[in-house]
Amino acid sequence: MTATAEPDLERLFEHTIERDQRIEPRDWLPEGYRKTMIRQIAQHAHSEIIGMQPEGNWITRAPSLRRKAILLAKVQDEAGHGLYLYSAAETLGADRADLTEKLISGRQKYSSIFNYPTLTFADVGVIGWLVDGAAICNQVPLCRSSYGPYARAMIRICKEESFHQRQGYELLMTMMRGTEAQRAMVQDAVNRWWWPSLMMFGPPDAESPNTAQSMAWKVKRHTNDELRQRFVDMSVPQAKALGVTLPDPELKWNEERQHHNFGPIDWDEFKQILKGNGPCNAQRIAHRRKAHEDGAWVREAAAAYAAKQEGRA
Ligand code: BYC
């Protein structure tokens with residue numbers, strides 16, 4: 001590439017974004033865009049893989065064969081989402097082994113939500129309803145993200161996420177029709193997961209260093225606060241239909257704004273989690289590291305087999 005060609009390439013990139021078309025792997029793109037996409041996609045992929053742990057914890061203790069089969073399918077879907085996303089990151093020149101290394105050495109983030117423990121089976125339902133619900137709210141607009149491979153991966157991921165959300169809500173409805181103890185278990189899980197679910201959308205817009213640029217590049221289509229508000233508005237009638245209360249005394253419909261007002265989020269807790277000090281951060285990473293080390297022989301065998309095939313050819 002010549003020095004004089006670059007302004008044209010940059011203009012072409014900007015026109016592609018302006019016209020709402022997709023940036024594809026072979027297109028020229030600014031280094032900042034590449035870095036932003038790798039950062040977001042890698043964080044997203046890591047979240048899917050780490051996100052298998054809190055629910056995976058309940059596969060062996062699911063209360064029936066039906067619940068076990070559903071949970072197994074859901075956790076497997078999450079592994080699949082991680083794989084599509086790592087592949088999307090690879091189209092930007094990222095190396096998957098390097099991304100895994102960055103995750104297990106704490107140099108790359110994954111979603112704050114997966115650093116909380118799953119204490120009862122009601123947590124499986126609440127994760128489906130609230131955590132997957134928040135993920136859908138955040139991810140449906142990403143189907144229109146400007147980077148083609150990411151946007152296309154999101155279409156399939158969102159379809160699977162809606163099954164995940166439905167299974168969670170159906171599980172909770174079943175428990176709410178059960179005994180007093182089961183209803184109390186659901187309410188307790190809602191109390192523990194509500195605020196962390198609101199934190200999934202990221203810091204408030206005024207404190208989000210990446211939002212402005214990501215909106216300009218149409219990587220993000222809505223700000224963190226817009227999506228958080230959408231999620232609150234969506235969840236209130238669902239909570240009512242379920243018969244649970246959301247643990248926020250300030251939650252109230254605001255006629256003028258045509259949205260619900262809600263109470264302050266504990267951003268100190270969020271910051272602590274991002275620093276690695278949440279209840280399960282160390283456990284999640286240790287578990288992921290062990291799985292990676294235990295899988296070394298598979299990677300070695302696959303590499304030896306590929307080398308042998310290449311030698312034959
Ligand atoms: N947890 O400038 P900001 C799922 C970081 S769902 C941890 O607003 P951005 C699943 C952020 O990375 C969960 N870190 O950033 C569901 C940045 O740090 P760096 C995954 C967070 O990127 C069910 C800094 O804080 N979903 O996978 O513009 C079962 C400042 O933030 C969080 C996605 O990843 C957080 N909650 O906006 C299984 C969706 N929030 O990198 C799995 C795709 C913020 O500058 N990602 N940070 O050091 C996104 O939409 C955006 O990246 C975010 C953040 C809205 C999350």
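This structure is a prediction, so every number in the text was calculated from the model and none was measured. The first residue in the sequence is number 1, and the count goes up from there. Numbering of ligands and ligand atoms starts at 1, following listing order.
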Quiz item: Judged by modelled atom types alone, do Y147 and R22 share a side-chain donor-acceptor pair under 3.5 Å?
Solution: no
Quiz item: What part of M52, side chain, backbone, both or neither, has a heavy atom within less than 4.0 angstrom of ligand 1?
Solution: neither
Practice problem: Ignoring hydrogens, just give me the one of Q40, Q43, E48 whose non-hydrogen atom is nearest atom 42 (C) of ligand 1. | Solution: E48
Quiz prompt | Basic-acidic side-chain contact under 4.0 Å: E55, K68 | solution = no
Practice problem: Can you confirm whether something in the protein, heavy atoms only, sits under 4.0 Å from atom 53 (C) of ligand 1? | Solution: no
Self-check item: Which segment of H81 sits under 4.0 Å of ligand 1 when only heavy atoms are counted
Solution: neither
Self-check item: Modelled atom types, side-chain donor and acceptor of D132 and Q165, under 3.5 Å
Solution: no
Exercise. Kindly write out the residues that satisfy side chain to side chain contact (heavy atoms under 4.5 Å, CB included) with L119, not counting sequence neighbours, or none if the list is empty.
Key: P117, D123, R192
Self-check item: The one among R107, K109, E160 that brings a heavy atom closest to atom 5 (C) of ligand 1
Solution: K109
Practice problem: Decide whether the shortest distance between a heavy atom of E207 and an atom of ligand 1 is less than 4.0 Å. | Solution: no
Quiz item: Taking NZ, NE, NH1 and NH2 as the nitrogens, is one of them in K74 or D77 under 4.0 Å from a carboxylate oxygen of the other?
Solution: no
Self-check item: Region of N210 that comes within reach of ligand 1 [heavy atoms, distance under 4.0 Å]
Solution: both
Quiz item: Quick one: which of S112, A79, P54 has a heavy atom closest to atom 35 (C) of ligand 1?
Solution: S112
Quiz item: At under 4.0 Å between heavy atoms, which part of N224 makes contact with ligand 1: side chain, backbone, both or neither?
Solution: side chain
Quiz prompt | Closest candidate by heavy atom, reference atom 25 (O) of ligand 1, pool L274, N138, L142 | solution = L274
Exercise. Identify, with sequence neighbours excluded, every residue that meets salt bridge (charged side-chain N to carboxylate O under 4.0 Å, His left out) alongside R284.
Key: none
Exercise. Would you kindly say whether D225 and Q229 are connected by a side-chain donor-acceptor distance under 3.5 Å?
Key: no
Practice problem: May I ask you to identify, for H44, whether its side chain, its backbone, both or neither come under 4.0 Å of ligand 1 on a heavy-atom basis? | Solution: both
Quiz prompt | Selection from S111, A135, G202 by shortest heavy-atom distance to atom 13 (C) of ligand 1 | solution = S111
Quiz prompt | Winner among S197, S208, S214 once heavy atoms are compared against atom 3 (P) of ligand 1 | solution = S208
Quiz prompt | Proximity to ligand 1 by part of Y110, non-hydrogen separation under 4.0 Å | solution = backbone
